[in-house]
Amino acid sequence: MTVQDGAIPEARSQRPGARSDPRLNWWREARFGMFIHWGLYAIPAGIWKGEQIPGIGEWIMYRARIPVREYEPLARQFNPVQFHAAEWVSLAKRAGQKYMVITSKHHDGFCLFRSAYTEYNIVDGTPYSRDPLKELAEECAKQGVRLGFYYSQTQDWHHPDGDGNDWDYDPDKKDFHGYIESYVMPQVRELLTNYGPVALIWFDTPKGITPEESRLLLDLVHELQPDCLVSGRLGNTLGDYASAGDNKIPDAMVDLDWETPATINDTWGFKSYDHNWKSVPDLIRKLVDIASKGGNYLLNVGPTAEGVIPQPSVERLLAMGDWLRVNGEAIYGTVAGPIQGMGWCRTTAKPGAVYLHVFDWPQRGELRLPALPHGVGRAYLLADLRKASLPLRTAGSELSIQGPAIAPDDRDTVVVLELA
Ligand code: JFZ
């Protein structure tokens with residue numbers, strides 16, 4: 001199924017048949033997750049040899065064409081003594097994020113987990129010598145948050161046969177299929193064997209991976225952990241769910257299981273000088289906009305090399321959590337709402353109820369909507385613990401609800417419409 005506005009390229013769309021797969025139910029209900037981009041790139045943090053390198057921080061090796069012999073030694077400096085798995089997991093919980101996805105291996109090839117297939121990993125290759133994925137897995141199990149692993153299956157700028165590094169390695173001499181069979185698949189097996197239940201594998205930038213190679217990875221994941229989901233960026237339209245472009249939100253509702261990965265500033269990996277943080281109202285409205293179109297929001301943090309999540313990210317996530325503690329009923333477990341395409345509001349729905357999310361509160365609080373097919377029996381403000389009924393009347397094809405003159409919450413006020 002092609003999404004008109006290109007927000008979800010076909011190759012990264014949902015495998016036909018997965019739309020009704022019950023294994024995705026927890027994920028469909030979750031709606032909101034935490035993405036974590038963490039690795040050696042947090043050390044230069046966007047600066048190489050005194051020069052600011054433009055673009056997303058985790059691409060610094062590529063953007064600056066840094067030879068492996070110069071980039072690899074960063075591992076000997078990586079010692080995140082301020083990393084505390086419990087703090088990261090509890091932040092996700094307090095933010096209302098139901099699942100977490102951390103970069104086990106990004107395009108630079110450094111492994112944030114113990115691997116028998118390379119020394120270029122955090123346990124064998126750094127002074128830190130601990131496995132943060134093991135600690136996160138234990139903490140997620142303790143705190144009831146689902147854990148997933150991001151894994152760059154196609155691009156690996158450290159591996160001679162991986163895709164992308166054409167400044168150290170001759171692209172014509174690469175045995176990419178060999179890299180998939182003798183390196184990627186064994187590492188995916190390690191991730192799905194050594195860390196307990198894994199909620200999902202978030203593959204990325206499929207580029208030239210063949211349908212056969214994508215299928216090999218899909219079958220391997222489902223063989224090792226049948227309940228483990230695979231993101232759309234596996235490629236070749238074989239993912240369990242569709243993956244929208246970075247920070248891309250479809251213009252209209254999408255009849256697929258889909259997810260938008262997004263940044264709070266303009267980078268995934270930590271950059272010391274990127275302070276372009278989105279506002280809390282903007283972030284809340286993006287979550288609501290995505291949920292109102294049937295999607296999930298995977299919102300990123302980029303910890304420092306010391307293992308600290310930047311304070312501007314923490315503050316914004318906690319503020320989103322405060323809003324969700326009051327309005328979560330209108331997000332978790334909902335589907336796309338019946339009223340679409342209106343700038344001043346969004347709708348989500350559950351059996352028997354429609355949640356009207358008002359972004360721009362009308363003059364005198366008079367809400368005018370197209371009448372709903374089944375009629376509205378009662379309306380009240382979700383934040384009102386007494387659930388006092390709001391005056392409402394239906395005249396022909398129009399429904400009007402009399403709300404308070406001033407918006408109770410100018411980020412998004414939710415009005416519950418109980419269907420007749
Ligand atoms: C990829 C990565 O290259 C990036 O480093 C980060 O991990 C991000 C989540 O994913 O970047 C992409 C991938 C796909 C698109 C854009 C950036 N796209 O489809 O537009």
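Reckoned from all heavy atoms, side chains included, excluding hydrogens, waters and symmetry mates. In listed order, ligands and their atoms are each counted from 1.
Contact check for Pro44 versus Leu74: side-chain heavy atoms found under the 4.5 Å cut-off.
Counting only residues at least two apart or on different chains, the ring-ring contact (aromatic ring centres under 6.0 Å, His included) pairs with a member in residues 228-287 are Trp27-Tyr241, Phe35-Trp268, His37-Trp268. Listed by first and then second residue, the ring-ring contact (aromatic ring centres under 6.0 Å, His included) pairs involving residues 312-353 amount to none (not counting sequence neighbours).
Look at Arg233 and Asp246 and you find a salt bridge, because one of the NZ, NE, NH1 or NH2 atoms lies within 4.0 Å of a carboxylate O, short of that distance. One finds no salt bridge joining Asp274 and Lys271 here, because no Lys/Arg side-chain nitrogen approaches an Asp/Glu carboxylate oxygen to under 4.0 Å.
In terms of the ring-ring contact (aromatic ring centres under 6.0 Å, His included) criterion, residue partners of Phe176 (sequence neighbours excluded) are, by chain and number, Tyr179.
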For ligand 1, what N or O to protein N or O distances fall under 3.5 Å?
unit_1	atom_1	unit_2	atom_2	d
ligand 1	3 (O)	Trp59	NE1	2.9
ligand 1	3 (O)	His107	NE2	2.8
ligand 1	5 (O)	Glu58	OE2	2.6
ligand 1	5 (O)	Trp59	NE1	3.0
ligand 1	5 (O)	His106	NE2	3.1
ligand 1	7 (O)	His37	NE2	2.8
ligand 1	7 (O)	His106	NE2	2.9
ligand 1	7 (O)	Asp204	OD2	3.3
ligand 1	10 (O)	Asp204	OD2	2.9
ligand 1	10 (O)	Arg233	NH1	3.0
ligand 1	10 (O)	Asp246	OD2	3.4
ligand 1	11 (O)	Asp246	OD2	3.1
ligand 1	19 (O)	Arg12	NH1	2.5
ligand 1	19 (O)	Arg12	NH2	3.4

